[in-house]
Enquirer: 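Sharing a structure with you now.
Both counts, for ligands and for their atoms, begin at 1 and track the order of listing.
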Amino acid sequence: MAVAPRYYIRTFGCQMNVRDSEIMAGELEQMGYRPASGDAEADLVVVNTCAVRGSAEDHAFGYIGNLKAMKQERPGLTVAFAGCMAQEPGTIAWLRRHAPHVDVVFGTHNLHELPALLERAAGSREMVVDVWEASEEVQSNLPSRRAGGASAFVNIIYGCDKFCTYCIVPFTRGREQSRPVADIVAEVEALAAQGYQDVTLLGQNVNSYGHDLEPTADLADLLAALEPIDGIRWLRYLTSHPKDFSQKLIDTIAAGSKVTRHVHLPVQAGSSAVLKKMNRKYTREQYLDLVERVRRAIPDAVLTTDIIVGFPGETEDEFAETLSLVEQVRYDTAFTFIYSPRAGTPAARWEGRNPVPEMAKKDRLNRLMALQYRISLEKNQAWVGRRDVVLVEGVSKKDPTVWAARSGTNKVVLLPREPGLDLQHRFVPVRIAGARTFFLTAVRTGDPLSPPLPERGRLAPAPVPLALSL
Ligand code: 5AD
Ligand code: SF4
């Protein structure tokens, strides 16, 4: 009997890419491939790339470089290059020149072509390139192999129409395209039947969900349609744009019992002048008003954000407005980035004329991080003594005596392992016992709220083909 070929997918970037990798895995398994535990054992390596910042691209190019040596040792190895970088002009020419060991290139709009492309590559000595325009419709409802556990990602809207001036995503992921409510409800019902209990709805801008549907719908309608599905405990959504975060949505989250109390509201900058140049379509005051309304309706909400420092022309005073906004909102966590010019975007042209000096960018990032870390610790300390429910993700990689779990508010919570009690992928009531900047510690206060997962979710001993690195 022939041995099944084995695949390994290396995923860079955001949750959308993680989900795309699950779909690629599903397609490959339908073709007869089996997962490999790493690239060293694989017959096919797919590199699913991210283009959002230069650092993500450098990682992908570095990895492609490593695969060159691997392919010299194992000439039978097939290398596929996928994801957002494939959609960028210039990448294919670069690959032809610097990475001829890449066999297949495909983009974010033709995932469903992967099997056909691999077949073409098998009969060809040339690089097989098939990247569809980002204007093409994305095919949804494709087979997939989910990473397992109790948590699942569900796409609800593809693409982004916002065109923030720094961002490459509208170019690599194309125009907004919502999936019909009925398709999403059916997918979540099927997930619940398989034992998934924690569902994250995905989109580059989930708040504009449904405007393109016939009849139109919105995220609040979708959440209301998903609430009654038995078996689902947590509904989450990523990622939000403050401009489209409606009062109806706030009220729906407040009234619901399953939508988690975590509100990620990427602010990007604290100065209205910078926000205008970023084309964010809100002012500092409008953003602060939104925060106020969220806090009033959902008092226990945990707020997190994304911030860019060193946007072209950002002055010291404008940066000080970012610091003061962070002081004022007091986020639980902030993801902070140095502005990275992306070819073809308006801001990249301004960077050529009026860049913030490299030293100032780094200094601003350090000052922002120091402020946020102090606030994160204070926020976490306020949780000590409180009760919560956490979902156990697995044994901590750093300390095998503790479970690593996550709260509905997306905080990492560590709790001691107890002999004879397997909590993997189960919901557990806890009391928060201690706080650090990046995690909480807790003790169990009662029996797990959910049984062990059915067999399909027990991925622990089996190789997980998805490796995520930003
Ligand atoms: N440079 C730096 N950060 C960026 N982001 C998006 N584009 C850029 C860029 N060109 C950040 C934003 C966004 C997050 C996902 O990545 O903060 O919210
Ligand atoms: Fe990029 Fe702005 Fe769209 Fe987010 S909303 S993906 S930052 S263009």
Enquirer: Just which atoms of ligand 1 are under 4.0 Å from any heavy atom in Arg342?
Expert: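 Near Arg342, the atoms of ligand 1 are 10 (N).
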Enquirer: At a non-hydrogen distance cut-off of under 4.0 Å, which region of Ile168 contacts ligand 1 (side chain, backbone, both, or neither)?
Expert: neither
Enquirer: Tell me whether Glu318 is salt-bridged to Arg364, with the criterion being a basic N under 4.0 Å from an acidic carboxylate O.
Expert: no
Enquirer: Identify the closest protein heavy atom to atom 7 (N) of ligand 1: which residue and atom is it, and at what distance?
Expert: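 Closest protein heavy atom to atom 7 (N) of ligand 1: Tyr166 CD1, 3.3 Å.
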Enquirer: Relative to the heavy atoms of His241, which atoms of ligand 2 are at a distance of less than 4.0 Å?
Expert: 5 (S)
Enquirer: Please determine if Arg367 and Glu316 form a salt bridge, counting it only when a charged side-chain N lies under 4.0 Å from a carboxylate O.
Expert: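 Result for this pair is yes, salt bridge flagged.
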Enquirer: Going by heavy atoms, is Arg280 under 4.0 Å from ligand 2?
Expert: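 Judged by the 4.0 Å heavy-atom criterion, Arg280 does count as contacting ligand 2.
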Enquirer: Quiz question: by atom type and distance under 3.5 Å, do the side chains of Thr333 and Ser376 form a donor-acceptor pair?
Expert: no
Enquirer: Near atom 1 (Fe) of ligand 2, which protein N/O/S atoms are found at less than 2.8 Å?
Expert: Cys167 SG
Enquirer: Between Trp383 and Asp332, what is the shortest heavy-atom contact and its length?
Expert: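 So the minimum-distance heavy-atom pair works out to NE1-OD2, 4.4 Å.
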Enquirer: Between Glu314 and Lys277, does any side-chain N to carboxylate O distance fall below 4.0 Å?
Expert: no
Enquirer: Could you check whether the rings of Phe245 and Tyr237 sit parallel, tilted or perpendicular, using 30° and 60° as the cut-offs?
Expert: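 Because their plane-to-plane angle lies in the 30° to 60° range, the rings of Phe245 and Tyr237 count as tilted.
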Enquirer: Specify the protein heavy atom at minimum distance from atom 2 (C) of ligand 1: its residue, its atom name, and the distance to 0.1 Å.
Expert: Ile338 O, 3.4 Å
Enquirer: Measure from atom 1 (N) of ligand 1 to every heavy atom in Ser55, Gly310, Ser340, Ala348 and give the option owning the shortest one.
Expert: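 The option holding the nearest heavy atom is Ser340.
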Enquirer: Distance to the ring centre below 6.0 angstrom and angle to the axis at most 45 degrees; does that hold for Arg10 and Tyr63?
Expert: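 Geometry flag: set, cation within 6.0 Å and 45°.
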Enquirer: Give the C-alpha distance, both sets of side-chain angles, the deciding distance and a yes or no for side-chain hydrogen bond (donor to acceptor under 3.5 Å, both in side chains) between Glu176 and His211.
Expert: CA-CA 9 Å; Glu176 287 172 1; His211 68 88; 2.7 Å; yes
Enquirer: State the atoms of ligand 1, each with its element, that fall below the 4.0 Å cut-off from a heavy-atom position in Val52.
Expert: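 Per the distance check, 6 (C), 7 (N), 8 (C), 9 (C), 10 (N).
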Enquirer: Nearest to atom 17 (O) of ligand 1, what protein heavy atom do you find, and at what distance?
Expert: Gln268 OE1, 2.6 Å
Enquirer: I need the contact type for Phe337 against ligand 1. Using non-hydrogen atoms and a strict under-4.0 Å cut-off, is it side chain, backbone, both or neither?
Expert: side chain
Enquirer: Salt bridge or not for Arg295 and Glu292, using N-O below 4.0 Å?
Expert: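 No.
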Enquirer: Could you check whether Arg145 pairs with Glu27 (Lys NZ or Arg NE/NH1/NH2 to Asp/Glu carboxylate O, under 4.0 Å)?
Expert: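 No, Arg145 and Glu27 are not salt-bridged.
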Enquirer: Decide yes or no on salt bridge (charged side-chain N to carboxylate O under 4.0 Å, His left out) for Arg233 and Glu227, but give the supporting numbers first.
Expert: CA-CA 9 Å; Arg233 282 174 189 270; Glu227 256 304 311; over 6 Å; no
Enquirer: Who's the nearest protein heavy-atom neighbour of atom 16 (O) of ligand 1, and how far?
Expert: Arg53 NH1, 2.8 Å
Enquirer: Using the ring of Tyr166 (Phe, Tyr or Trp, six-membered ring only), decide whether Arg342 places NZ or CZ under 6.0 Å from its centre and within 45 degrees of its axis.
Expert: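 That pair does not qualify as a cation-pi contact.
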Enquirer: Taking N or O atoms only and a 3.5 Å limit, does Asp306 qualify as a polar contact for ligand 1?
Expert: yes
Enquirer: If we only count N/O pairs under 3.5 Å, is Tyr339 in contact with ligand 1?
Expert: no
